[in-house]
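First the structure, in the form of structure tokens, and then the observations on it.
As a basis for the values below, the full set of heavy atoms in this structure was taken, side chains included, without hydrogen atoms, waters or symmetry mates. Start at 1 and go down the list; that is how both ligands and their atoms are numbered.
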Amino acid sequence: MAQYARGSAVAVIRLRNPPVNALSRAVLQALEDGLKKADADPSVKAVMICGENGKFSAGADIRGFSAPKRLGGALGPVVSLIESSEKPVVAAIEGVALGGGLEVALGCHYRIAHVKARMGLPEVTLGLLPGAEGTQRLPRLIGVPAALDMITTGKHIPATEALKLGLVDEIVEENTIEAAIRLANKVIGQPLGPRRLSLKPVPKVPNMEAFLDEALAKVKRQARGCLAPELCFQAVRAATQSPFADGVRRERELFQVLLSSGQAQALQYAFFAERAVRRWATPGGASWSSAAPQPVRRAAVIGLGTMGRGIVTSLVKANIPLVALEQDLENLNKGRKAVMFLLEREAMKMEGGAQVLDFHNPARLQFTVDFDLLRDVDLVIEAVFENMALKKEIFHKLSKICKPGALLCTNTSALNIDEIASATNRPQQVIGTHFFSPAHVMRLLEIIYGRHTSPTAIATAMQLATALKKVGVVVGNCFGFVGNRMMFPYVQQAVFLLEEGSRPDAVDQALEDFGFKIGPFRMSDLAGLDVGWRSRKDQGLTGPSLPAGTPARQRRGQRYSPLPDLLCEHGRFGQKTGKGWYLYEKAGGRTATPDPWLLNFLSQYRDTHGIQTRFIDQEEILERCLFSLINEGFAILAEGIASGPEHLDVIYINGYGWPKHRGGPMFYASTVGLPRVLAKLQKYSEAHPDVPGLQPSAFLKKLAAVGNPPLKEWMSYLSQQSSKL
Ligand SMILES: CC(C)(COP(=O)(O)OP(=O)(O)OC[C@H]1O[C@@H](n2cnc3c(N)ncnc32)[C@H](O)[C@@H]1OP(=O)(O)O)[C@@H](O)C(=O)NCCC(=O)NCCSC(=O)CC(=O)CCCCCCCCCCCCC(=O)O
Ligand SMILES: NC(=O)C1=CN([C@@H]2O[C@H](COP(=O)(O)OP(=O)(O)OC[C@H]3O[C@@H](n4cnc5c(N)ncnc54)[C@H](O)[C@@H]3O)[C@@H](O)[C@H]2O)C=CC1
């Protein structure tokens with residue numbers, strides 16, 4: 001757990017807890033024992049602490065936070081013990097020193113890091129604060145502004161930056177352990193007082209109060225309802241106001257608040273959920289453990305519109321050579337310009353810039369209108385218009401041109417993967433890779449297997465997700481897959497609420513206050529209202545194919561709102577036309593303001609359809625939008641479209657701006673309590689019997705009836721499914 005060894009004058013304590021040397025109780029105990037042994041041994045003149053297998057430590061064992069006897073209080077005293085040692089202690093940081101791992105290093109008198117190491121205090125991302133005195137030591141070492149930045153954002157910084165900040169004393173390119181032992185030998189006998197961070201004053205910032213006020217405003221703005229960043233801030237502020245011991249007491253109080261906040265649980269659930277979905281499985285028995293991916297040495301993207309541009313950018317950033325294809329020269333030139341613009345911007349953010357990305361080299365990025373250039377690629381991602389006939393035509397062509405082993409991926413947002421695959425001679429190599437807009441930014445990659453998709457194809461798409469630094473989530477094939485299918489009833493409720501008396505800004509505000517990055521109407525305006533309009537026309541829900549005499553507010557016996565169609569008929573496509581659910585300063589503008597035209601239009605619409613306007617409170621907005629989305633999630637689980645609730649949650653957090661501190665929709669449902677979700681859906685369903693999305697799913701009813709079991713047990717109530725959390 002932590003191995004103690006004595007060389008010449010330097011004792012070595014090696015943290016050992018694979019895979020990341022997390023600080024479990026046992027590791028901490030062994031560390032404490034090692035320190036005491038070194039202290040008691042007169043032949044030991046200095047101590048070096050390092051981690052096994054090239055990693056210092058990823059911090060406290062997160063799984064231990066939910067254990068009855070938390071490691072909580074144990075870490076702070078061990079860090080103090082290190083600092084108070086009368087023999088110099090040197091931290092040799094390789095790989096990562098995160099959270100409690102970095103706090104251990106801060107207790108050491110000297111820190112030396114490998115040039116490739118990363119450091120950070122990411123507790124805030126788990127809903128916590130660095131509770132082992134890190135909020136008090138770090139500002140003393142690197143100053144308040146830099147410490148606040150690290151502690152309130154949780155960002156990892158590279159060793160080179162750590163050196164500039166003074167977080168480490170030295171960085172090395174070769175053997176860190178040997179360098180640390182050399183340093184330890186060198187500092188034997190030197191006074192330790194100046195190296196003990198708890199004894200240092202916090203460096204002054206001119207006009208500290210004004211600086212802190214401004215920093216707090218920024219932290220609050222970015223937190224969107226998440227508690228941890230503000231409490232992290234308060235802990236650091238305590239360091240500027242109180243002596244070390246009082247600051248530590250304040251840190252502990254704040255830590256306790258966070259520990260019992262519920263948000264910490266949600267964020268830790270999200271951390272493990274993201275890792276659990278890597279272990280994918282299908283109802284047919286294919287799984288991550290047995291499927292091997294094929295290499296992707298060269299790829300192609302077809303269609304350089306909104307999505308294709310981002311996908312190309314992502315592939316270039318992942319260093320995958322590719323061919324980018326458009327339907328004609330005009331679109332090719334437009335697409336090329338857009339891609340180059342994105343790549344230039346990305347390059348500016350990177351060390352080494354355009355040279356590293358090498359996107360001007362045609363061997364790495366080739367633009368063409370010639371399908372023949374796709375002969376030797378290993379993987380194609382199609383991102384043309386959302387039209388089944390067009391997609392089938394393209395896939396038919398691909399199956400004739402591409403080499404036999406090539407994987408054929410579609411970026412469709414809702415269409416049937418099996419039908420697309422039916423146009424090819426290799427349905428086992430056809431798979432959905434659903435990117436989210438903007439594709440080079442959003443982390444989610446929804447991976448959709450069809451009836452014939454092979455395990456190798458799934459494994460290859462998952463490997464691609466990793467290469468693109470995205471979170472791949474494997475799901476089954478149904479209209480809208482998981483994310484968009486759950487989104488339909490949510491957006492539908494939002495529009496129904498407008499019919500009944502609400503306003504776009506009221507609905508958006510309620511959901512943004514809940515923590516969504518952006519409410520449904522702002523989101524529709526951003527994505528373009530015409531996208532859904534086209535899809536509804538294709539489905540025969542509106543437009544010329546709608547049978548004459550169809551009631552305005554009903555389709556196939558269910559409630560339907562023609563409001564979004566009417567807006568499109570008025571040329572209101574959202575931001576791109578300068579007006580949609582909101583008014584914008586110009587076409588392409590981004591500042592949404594409530595539009596008096598729309599409010600008047602809504603009022604006339606209600607009069608036309610004899611709808612009595614009523615006041616709708618925030619609670620009803622939230623319940624109807626969120627519970628209908630969650631309800632669809634239960635139906636998806638029951639159908640085996642996703643293999644566990646964590647899949648749905650990871651999709652919502654990474655693709656739809658669901659507030660992470662609420663753990664995802666299914667986790668949120670578990671915190672509300674399934675009987676309550678059910679009762680509310682029943683109530684709204686009775687009030688709106690023609691809305692199927694409000695009728696509680698059978699699976700939700702079952703789980704409520706069996707006594708509201710914890711989320712990790714849900715799947716055991718369905719035959720042949722198991723949650724992987
Ligand atoms: C480290 C990583 C960057 C590695 O990434 P990568 O290589 O991509 O691998 P992963 O797949 O992410 O990880 C591999 C594997 O390891 C698991 N894992 C990773 N980190 C941890 C961890 N810290 N603990 C446990 N397990 C971990 C991961 O889940 C994977 O396993 P799998 O799930 O089975 O696949 C990356 O993993 C990463 O970023 N990790 C998280 C780093 C992090 O966030 N660290 C901070 C941890 S929190 C911390 O250190 C808290 C503290 O400050 C200490 C607080 C305690 C002190 C409290 C004193 C106050 C007293 C108050 C009173 C309390 C009273 C009481 O106790 O009741
Ligand atoms: N826009 C979005 O937010 C999202 C869209 N999607 C899906 O991605 C796909 C593409 O959508 P967008 O990029 O928004 O569309 P878009 O309309 O912006 O771009 C489509 C591009 O495909 C090109 N194209 C059409 N026919 C072609 C052909 N035969 N050969 C080569 N290129 C051809 C067009 O010239 C155009 O540039 C659709 O299936 C859509 O449903 C998925 C996720 C999000």
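Applying the side-chain hydrogen bond (donor to acceptor under 3.5 Å, both in side chains) test to pairs two or more places apart or on separate chains, those with a residue in residues 437-450 are E274-R443, H434-E446, R443-N654.
Considering backbone and side-chain atoms alike, E103 places an N or O below 3.5 Å from some N or O of ligand 1. Of the N or O atoms in H434, none lie within a sub-3.5 Å distance of an N or O in ligand 2. Residue F255 places no N or O, backbone or side chain, under 3.5 Å from any N or O of ligand 1. For ligand 1, the polar-atom distance check against A58 finds a nitrogen or oxygen pair separated by under 3.5 Å. Among the atoms of A60, some N or O lies under 3.5 angstrom from an N or O of ligand 1. The distance criterion of under 3.5 Å between nitrogen or oxygen atoms is not met by R118 with respect to ligand 1. On a distance-only criterion, R63 and ligand 1 share at least one N/O pair closer than 3.5 Å. The shortest N or O to N or O distance between M307 and ligand 2 is under 3.5 Å. Taking only nitrogen or oxygen atoms, main chain and side chain alike, P122 does not reach within less than 3.5 Å of ligand 1. The shortest N or O to N or O distance between G131 and ligand 1 is under 3.5 Å. Among the atoms of E382, none of the N or O lies under 3.5 angstrom from an N or O of ligand 2.
Under a 4.0 Å heavy-atom criterion, K391 is in contact with ligand 2. In this structure, G134 does not count as a contact residue of ligand 1, since none of its heavy atoms falls inside 4.0 Å of the ligand. Within the 4.0 Å heavy-atom cutoff, R279 counts among the residues contacting ligand 1. Look at G335 and you'll find every heavy atom at least 4.0 Å from all atoms of ligand 2. At least one heavy atom of D61 sits under 4.0 Å from some atom of ligand 1. The shortest separation from a heavy atom of F436 to ligand 2 is not under 4.0 Å, leaving the residue out of contact. Distances from ligand 1 to the non-hydrogen atoms of E251 include no value under 4.0 Å.
Close approach to L75 involves these atoms of ligand 1, each under 4.0 Å from a residue heavy atom: 54 (C). Ligand-side atoms of ligand 1 in range of P130: 53 (O), range being under 4.0 angstrom from any heavy atom. Under a 4.0 Å criterion applied to the non-hydrogen atoms of G99, ligand 1 contributes the atoms 46 (C), 50 (O). Within the listing of ligand 1, atoms 11 (O) sit less than 4.0 angstrom from a heavy atom of R278. Interface atoms of ligand 1 facing Q256, defined by a heavy-atom separation under 4.0 Å, are 63 (C), 64 (C), 65 (C). If you number the atoms of ligand 1 from 1 as listed, the ones under 4.0 Å from a heavy atom of G100 come out as 49 (C), 50 (O).
Contacts with ligand 1 closer than 4.0 Å are made by side-chain heavy atoms of L126 only, the backbone lying farther away. When non-hydrogen atoms are compared, ligand 1 lies under 4.0 Å from the side chain of V20 (C-beta onward) but not from its backbone. Contacts between L415 and ligand 2 below 4.0 angstrom, taking non-hydrogen atoms only, are absent altogether. Residue N331 touches ligand 2 through its side chain alone, judged by heavy-atom distances below 4.0 Å. Contacts with ligand 2 closer than 4.0 Å are made by heavy atoms of both the backbone and the side chain of V384.
Ring-centre distance between Y652 and Y490: not below the 6.0 Å cut-off.
A cation-pi arrangement, defined by a distance under 6.0 Å to the six-membered ring centre and an angle within 45 degrees of its axis, is present between R275 and F271.
Dense packing is recorded around NE2 of H156, with more than 12 heavy atoms of other residues, nucleotides or ligands lying under 6.0 Å away. Annotation: F341, atom CZ; neighbour count of heavy atoms from other residues, nucleotides and ligands within 6.0 Å does not exceed 12.
Residue nearest to atom 26 (N) of ligand 2, selected from N484, L390, L325: L390 (by heavy-atom distance).
Evaluation of the side-chain contact (heavy atoms from CB on, under 4.5 Å) rule for M442 yields F436, P438 as partners, not counting sequence neighbours.
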